[in-house]
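To start, the structure itself, in structure tokens.
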There are 2 protein chains.
Amino acid sequence: MTIRVLLVDDQPLLRTGFRLILQSEPDIEVVGEAGDGEVALSQVRALRPDVVLMDIRMPRMDGVEATRRLAEFDDPPRVLVLTTYDLDEYVVDSLRAGASGFLLKDVPAEDLVDAVRVVHRGEAVVAPRVTRRLLDRFARLLPAPRTDDAPLPELTDREHQVLLLMARGLSNAEIAGQLVLSETTVKTHVSNVLMKLGLRDRVQAVVLAYERGIVKPSTS
Amino acid sequence: MTIRVLLVDDQPLLRTGFRLILQSEPDIEVVGEAGDGEVALSQVRALRPDVVLMDIRMPRMDGVEATRRLAEFDDPPRVLVLTTYDLDEYVVDSLRAGASGFLLKDVPAEDLVDAVRVVHRGEAVVAPRVTRRLLDRFARLLPAPRTDDAPLPELTDREHQVLLLMARGLSNAEIAGQLVLSETTVKTHVSNVLMKLGLRDRVQAVVLAYERGIVKPSTS
DNA sequence: GGCGGCCTCCTCCTGGAGGAGGAGGTCGCC
DNA sequence: GGCGACCTCCTCCTCCAGGAGGAGGCCGCC
């Protein structure tokens, strides 16, 4: 089983270069090429590659848009984005579009073939220079610097457990059902949680749970 | 100029293994070891390493906390986190703490020394298996372009306003005070919000507000 | 003008939430 | 054994939340 690769770049010379590199690997097969995003889409439909090496800047349809369209395919190929510059927005947009990796075009041959194998097995790879920027940006997006001035060590396991269920919008009766307890017991735990955290009601408990990162959004 | 490395792991055997791998590289020098986070901090002060290989799970002070403290140093070392499992929370917490890389402990020797060089020159590296999860998570955090376009189109301005205050933990009476309304009116708006969104009570409204990104956990 | 959407406020009513104040149980520690 | 922390489950009580079913006023549109 070879890894079927499609090359997408508007510069024929670059495609040739990549083809030479990849073709010399026994487990990789370059099944086609495309010079813009639209051709890439039809090539993917026709050739069913496993991995697409995708340039960002291309005429007609750019790599980001093409990646986005590919993500809507049944059994879509993995997309490995290749950019000349490590520009943040390209990286972020591609990622949002569903790419599995980002490399710079000056990538060493060995790293390129490694990356093809990595994305093919469902993992992801990002060029180190890009990773740094990506992590910086990621860190800024994260729930916050977490000033752990007032942690919540005072909560017992049971109380913490109840808090988590509360934070998912469950009523006392539902929590009781979930934990196989009487509603009375749940009310006791809830009361203790509120008292310990200095809160008025379960609504504030939910707010605190999200603000402190005890529960995090986007689980759904 | 060699790269000065400090090994931090509570398992001496692992430290020895890493030491052997790194020591064989001409441009890398292992200047010290530490068995927990606290020792690591004093070692960094004394030895001024360029790169710290940091385990996550350790007694006394774990790797995440140690990384966070290191970030507050003048001219802090780069931290390369090593963990046994590719657990999401560790990754995210480490990055937030300021780590420059994240590797699994079963990393091939060659990749390890590469990673040390990469973080030393200010770039970053993440294990492919972890990268996939990280990117998925990152993608969810990003300002979603289309799914967020019409999350709650049916809410009127007033209802949306009430929802925001509800999501901050305010009671009906407090919302009424805030918006200069009667409590009755607020209750009407709340009821409408719940009905339109198909929710049971304000607790679920708060959960939805956070999950849909209508309100976001903030630094404050 | 009439109609519909939105905002405002009302009363009556039920149910759940949460506090007060218990009690019995297990477990680990001194 | 005694003590304290934790988990479990009571009862009585109050109060807010939320539904049902209104009503009047404003505004834009046909």
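So that the names make sense, note that chain A is the first sequence line, chain B the second, and so on, each numbered from 1.
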> How long is the line joining NZ of Lys196(B) and P of dC7(C), in whole Å?
Replying inline: 7 Å
> What is the distance, rounded to the nearest whole Å, between atom CD of Gln204(B) and atom P of dG16(C)?
Replying inline: 14 Å
>> Rounded to whole Å, how long is the line connecting atom CD of Glu174(A) with atom C1' of dG16(C)?
In response: 12 Å
> Do you know which two heavy atoms are closest between Ala71(A) and Ala97(A), and how far apart they sit?
Replying inline: CB-O, 3.7 Å
>> If the cut-off is 4.0 Å, is His189(B) near the phosphate of dC9(C), judged by side-chain N/O to OP1 or OP2?
In response: no
> Any idea which heavy atoms bring Leu82(B) and Asp55(B) closest together, and the distance?
Replying inline: O-OD1, 3.2 Å
What are the atom names and distances for every N/O pair under 3.5 Å that joins the protein to nucleotides 15-18 of chain D?
from: dA17(D); atom 1: OP1; to: Asn172(B); atom 2: N; distance (Å): 3.1
from: dA17(D); atom 1: OP2; to: Asn172(B); atom 2: ND2; distance (Å): 3.3
from: dG18(D); atom 1: OP1; to: Arg202(B); atom 2: N; distance (Å): 2.5
from: dG18(D); atom 1: OP2; to: Arg202(B); atom 2: NH1; distance (Å): 2.6
from: dG18(D); atom 1: N7; to: Lys187(B); atom 2: NZ; distance (Å): 2.6
from: dG18(D); atom 1: O6; to: Lys187(B); atom 2: NZ; distance (Å): 2.8

> Nearest of dC7(D), dC7(C), dT8(C) to any side-chain atom of Leu181(B)?
Replying inline: dT8(C)
> Between Glu174(A) and Arg200(B), does at least one N-O distance fall below 4.0 Å, as a salt bridge requires?
Replying inline: yes
>> Using a 3.5 Å distance criterion without hydrogens, assess whether the side chain of Asn192(A) forms a donor-acceptor pair with backbone atoms of Thr188(A).
In response: yes
> Could Asp27(B) and Arg117(B) be called an ion pair, given the rule that one side-chain N must be under 4.0 Å from one carboxylate O?
Replying inline: yes
> In chain order, what residues pass the side chain to side chain contact (heavy atoms under 4.5 Å, CB included) check against Leu194(A), with sequence neighbours excluded?
Replying inline: Val190(A), Leu199(A), Ala205(A)
> Does Ser182(A) have a side-chain nitrogen or oxygen under 4.0 Å from the phosphate oxygens OP1 or OP2 of dC9(D)?
Replying inline: yes
>> Whole angstroms only, please: what is the CG-C1' distance between Leu155(B) and dC7(C)?
In response: 15 Å
What does the list of N/O pairs under 3.5 Å between the protein and nucleotides 21-25 of chain C look like, with a distance for each?
none

> What is the bend of the helix from dG1(C)-dC30(D) to dC30(C)-dG1(D) when you compare the axis at one end with the axis at the other, using five pairs each and rounding to 10°?
Replying inline: 30°
>> Measuring to OP1 and OP2 of dT11(C), would you say a side-chain N or O of Thr184(B) lies under 4.0 angstrom away?
In response: no
> So, are Glu72(B) and Arg69(B) salt-bridged, with charged N and O less than 4.0 Å apart?
Replying inline: no
>> Run the side chain to side chain contact (heavy atoms under 4.5 Å, CB included) test against Arg19(B) and tell me which residues pass, sequence neighbours left out.
In response: Leu7(B), Gln23(B), Val30(B), Glu33(B)
> Which whole-number value in Å describes the distance from Arg158(B) CZ to dC9(C) P?
Replying inline: 9 Å
>> Rounded to whole Å, please give me the gap between CG in Asn192(B) and P in dC9(C).
In response: 14 Å
> For residues 183-193 of chain A, which residue pairs qualify under salt bridge (Lys or Arg N to Asp or Glu O under 4.0 Å), counting only residues two or more places apart or in two chains?
Replying inline: none
> Rounding to a whole Å, what distance do you find between Leu165(A):CG and dA17(C):P?
Replying inline: 14 Å
